[in-house]
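Index from 1, following the sequence. Counting starts at 1 for both ligands and their atoms, in listed order. Heavy-atom basis, side chains included; hydrogens, waters and symmetry copies ignored.
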Amino acid sequence: MNEEILVCASDAVLEGGKGVRFAVTAGGADGTGFVVRYGGMAYAYLNRCAHVPIELDWAEGEFFESSGLYLMCSTHGAIYVPESGLCAGGPCRGGRLRPIGVVEHDQRIFWQPDDYVRPLVPKTPENLQPK
Ligand code: FES
């Protein structure tokens, strides 16, 4: 089974509402991921525009544009399809947000690390030892 890391309670991520950010390491650089809900499903992506590698949310957790149909980069207005992360318009048309595995059970949402997007502090036996 893939590793699962708790993000938040399911009811903290409402349909088309605010997203919840979580800390990650992506390709060795500190960053954030985020989870949103669309069509009842939870989707998670690396919080990094496909156009210029900066965070999408203009205010913390604000990922949807006003119609609630697309995720939007606040800086230059690229819009992304919530289910796929594909850019549907704006400077990075044809680009894509980096998806992050997400699962939901027991009324909670978890993200799943992969080879590129890792937990901020790797869980190693050394880290668990008191210093
Ligand atoms: S940085 Fe996101 S659209 Fe340009």
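Considering every non-hydrogen atom in both Ala42 and Val102, the closest pair reads O-CG1, 3.3 Å. Of all non-hydrogen atoms in Ala9 and Ile109, the two that sit nearest each other are O-CD1, 4.5 Å.
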Name every donor-acceptor pair, under 3.5 Å, that has one atom in a side chain of residues 23-30 and the other anywhere in the protein, sequence neighbours excluded.
none

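Taking CZ of Arg21 as the start and CG of Asp57 as the end, the distance is 4.5 Å to the nearest 0.5 Å.
With a 4.5 Å cut-off between side-chain heavy atoms of Ile, Leu, Val, Met, Phe, Trp and Tyr, the cluster of Phe64 takes in Phe34, Val36, Tyr38, Met41, Tyr43, Tyr45, Leu56, Phe63, Leu69, Tyr70, Leu71, Met72, Ile79, Tyr80, Val81, Leu97.
Residue pairs meeting the salt bridge (charged side-chain N to carboxylate O under 4.0 Å, His left out) criterion with at least one member in residues 102-112, sequence neighbours excluded: Arg37-Glu104.
Around atom 2 (Fe) of ligand 1, the protein N, O or S atoms found under 2.8 Å comprise Cys49 SG, Cys73 SG.
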